[in-house]
Amino acid sequence: MMKKRKGYDVYPLTAAQKFHFFYLDYCPNKAVVNIGTSLTIEAELDFDVLRDSILKAYERSESMRLQFAKDKEGVWYQYVVDEVKQEIPLEDFSQTTMEEAEKTMRKWTQVPFKREDSPMSRMVMIKTPDGFSGVYLLADHVIMDAQSLICFLKDIIEIYCSRMYENVPWPKDMASYIEQLKKDLAYEAGSKAKARDEEFFHKMIESSEPIYNGIDGTAKLEMERDRRNMPNLRAAVNVSDSVESDLDTFHLEGEPTKRLMDFCKEKQISLTCLLLMGLRTYFQKMNGNDDVSINTAIARRATLKEKKCGGTRIHSFPFRTVISQDKKFMDALLEIRDQQNELFRHANYDPVAYFAHRGQVYQNPQGCTYEPMSLTYQPMTLKEKGLEQLGDIRYKTKWYPNGATTQAMYLTVMHRPEDNGLDFNFEHQVKAVSRKQLEYMYYYLCKIMFKGIENPNLPVGDILKLV
């Protein structure tokens, strides 16, 4: 391995990064790892100060200056450059329609980055037709996840506000990405912690085989069994032959969202637990199985340094629950909470190694899986810390689909800035899952969650009868 690249120290990829490179290899559309988002506020901005604030934020963030290169064997590695040389143009959409502006930003989001020795993000300052102004950010998933994205945007705003308004303090420093990276690499290099985690996952995988649950019943699994003449097969092909994707978003209003959040606070469980309970119970209803598996994303940002170091730290693991219909809704929730906590303790383990081991144990046909979908809940909002100094200035965030996904269905749940209600963002393969199926699922997911929090001591089977 080369020790330096262009005079910079080089480092291997982390497990979280390898995961993205892993599916990049299979995906014909390389924009699959693009994250496109805009943040606009209802205010006149000084774009010269904003441009300087963006460059300053880059200077403060090691992970946003990450670049990648391949060695002679074709193995990717990473290094951090001193400065990001890029123009930060201003795009004025104010004379067009919102539809036109969004169409343009969608287009931007669907252009992949040149991967070798080049910046992995770009920014454009924007003015939108609704009288808002702000930034559009495009970044590659190998340098950023949702939490580091929010962290970076917040830093830009805080720097800007500090420069523009007298009593706004300069934001505290970001944490070092490289310092965190070294910790991750030390873990990977055969640490005791890694051995413990491996033992935990191997035991879990080998205990018994999960079963596939379809979004609208068992048809896919039965088809797979017939097609392969394997009557006992428990896995199915979940994806379509096309990675073309769309993003369908369903909005839950502020008031019902507050009811869910209040319940979680009172019972001391996370909203993720409630969402997992709702989703698994929906699949239980549709497939008649008590045994349900869903992929769940874990942010791995427990410490302040992890929260502020940027980069991509998400590990995604199957989350399997076996909950009988006579178990009380609340007891099932607590079981999910305990299981989630256990998973968090071992979440530094490499998900690719997890799936490889599971594949060896259960020798399923190529492309078969037990998980019909993935779930991410994004609790972090810009409102939380740092935007209070803007007073009551309204702001908006929007995600733009990159047009490709290697998963049949990926649900990201996040809070809306306007009313703190929840947005359920379903990114899905167009040929694998239809909007109609998603509408049906979303409708029942909400019914299950609300009936459950209203009657937490009812058995799951009774809740299902009520919805």
Side-chain angles (χ1 to χ4, degrees), residues 145-147 213 215 247-287 292-299 301 314-323 327-344 347 371-381 399 407-416 420-428 433 437-456 460 463-464 467:
D145 55 30
Q147 285 207 345
N213 291 275
I215 184 169
L247 186 70
D248 280 309
T249 302
F250 302 100
H251 307 285
L252 185 64
E253 281 73 39
E255 190 281 320
T257 296
K258 189 178 178 314
R259 294 205 318 262
L260 295 178
M261 303 302 286
D262 288 349
F263 174 84
C264 290
K265 202 169 164 181
E266 184 203 332
K267 304 291 186 193
Q268 294 190 307
I269 56 158
S270 69
L271 185 62
T272 304
C273 294
L274 188 54
L275 289 165
L276 282 168
M277 179 62 189
L279 288 166
R280 67 144 323 278
T281 307
Y282 168 81
F283 284 108
Q284 183 173 21
K285 165 187 161 64
M286 298 305 291
N287 293 264
V292 178
S293 291
I294 292 168
N295 280 320
T296 169
I298 298 171
R301 293 190 187 272
I314 291 176
H315 281 184
S316 191
F317 294 102
F319 187 74
R320 179 185 181 192
T321 46
V322 183
I323 291 169
K327 181 164 274 202
K328 285 180 184 169
F329 189 85
M330 192 63 224
D331 291 342
L333 270 176
L334 295 173
E335 190 178 308
I336 287 176
R337 181 185 70 183
D338 294 345
Q339 216 180 308
Q340 274 265 291
N341 288 340
E342 198 170 13
L343 197 58
F344 289 153
E371 288 80 30
M373 67 174 296
S374 293
L375 168 71
T376 303
Y377 165 55
Q378 191 46 45
M380 205 169 158
T381 61
W399 293 76
Q407 304 185 34
M409 172 170 51
Y410 193 134
L411 168 60
T412 305
V413 181
M414 34 202 340
H415 292 273
R416 268 193 310 285
N420 217 29
L422 288 172
D423 275 353
F424 289 74
N425 302 296
F426 287 94
E427 189 185 4
H428 59 103
V433 183
Q437 286 172 304
L438 293 173
E439 270 171 15
Y440 185 84
M441 177 172 166
Y442 171 71
Y443 171 76
Y444 276 104
L445 168 62
C446 288
K447 282 196 88 159
I448 289 164
M449 290 195 298
F450 285 106
K451 275 283 176 277
I453 67 170
E454 285 153 24
N455 313 280
V460 173
I463 301 263
L464 284 176
V467 303

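Sequence positions, counted from 1, serve as the residue numbers for this chain.
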Just how far is it from atom [atom1] of [X] to atom [atom2] of [Y], taken to the nearest 0.5 Å?
X: I269; Y: L333; atom1: CD1; atom2: CG; answer: 4.0 Å
X: I336; Y: I323; atom1: CD1; atom2: CD1; answer: 4.5 Å
X: T272; Y: Q378; atom1: OG1; atom2: CD; answer: 9.5 Å
X: R280; Y: T321; atom1: CZ; atom2: OG1; answer: 4.0 Å
X: I463; Y: K328; atom1: CD1; atom2: NZ; answer: 12.0 Å

Self-check item: Residues which pass salt bridge (Lys or Arg N to Asp or Glu O under 4.0 Å) with E255, listed by chain and number, not counting sequence neighbours
Solution: R259

Looking at residues at least two apart in the chain, or sitting in another chain, which of them share a side chain to side chain donor-acceptor pair (under 3.5 Å) with [X]?
X: S293; answer: none
X: T412; answer: none
X: K258; answer: D262
X: E371; answer: R358, T369

Exercise. Determine which pairs satisfy side chain to side chain donor-acceptor pair (under 3.5 Å) with at least one residue from residues 330-344, sequence neighbours left out, and list them in order.
Key: K327-E335

Search all heavy atoms of [X] against all heavy atoms of [Y] and return the closest pair with its distance.
X: N420; Y: T257; value: O-CG2, 3.6 Å
X: F317; Y: A347; value: CE1-O, 3.7 Å
X: L271; Y: C264; value: CA-SG, 3.8 Å
X: L422; Y: R416; value: O-NH1, 3.0 Å
X: A297; Y: T376; value: CB-OG1, 3.4 Å

The criterion is side-chain contact (heavy atoms from CB on, under 4.5 Å); which residues satisfy it with [X], sequence neighbours excluded?
X: T249; result: L247, H251, D423, N425
X: S316; result: N295
X: A299; result: Q147
X: E439; result: F250, R435

Are any of the side-chain heavy atoms of [X] and [Y] separated by less than 4.5 Å?
X: Y440; Y: M286; answer: yes
X: L279; Y: M373; answer: yes
X: F426; Y: V433; answer: no
X: D145; Y: R301; answer: yes
X: L274; Y: L260; answer: yes
X: I215; Y: P372; answer: no
X: V460; Y: T281; answer: yes

Practice problem: Could you pull out all residues at least two apart from F319 that satisfy ring pair (Phe, Tyr, Trp, His ring centres under 6.0 Å)? | Solution: none

Tabulate below the donor-acceptor pairs under 3.5 Å that side-chain atoms of residues 441-455 make, not counting sequence neighbours, or state none.
| residue | atom | partner | partner atom | Å |
| --- | --- | --- | --- | --- |
| Y443 | OH | K447 | NZ | 3.3 |
| N455 | ND2 | K451 | O | 2.9 |

Self-check item: Output field: ring centroids H415/Y377 closer than 6.0 Å
Solution: yes

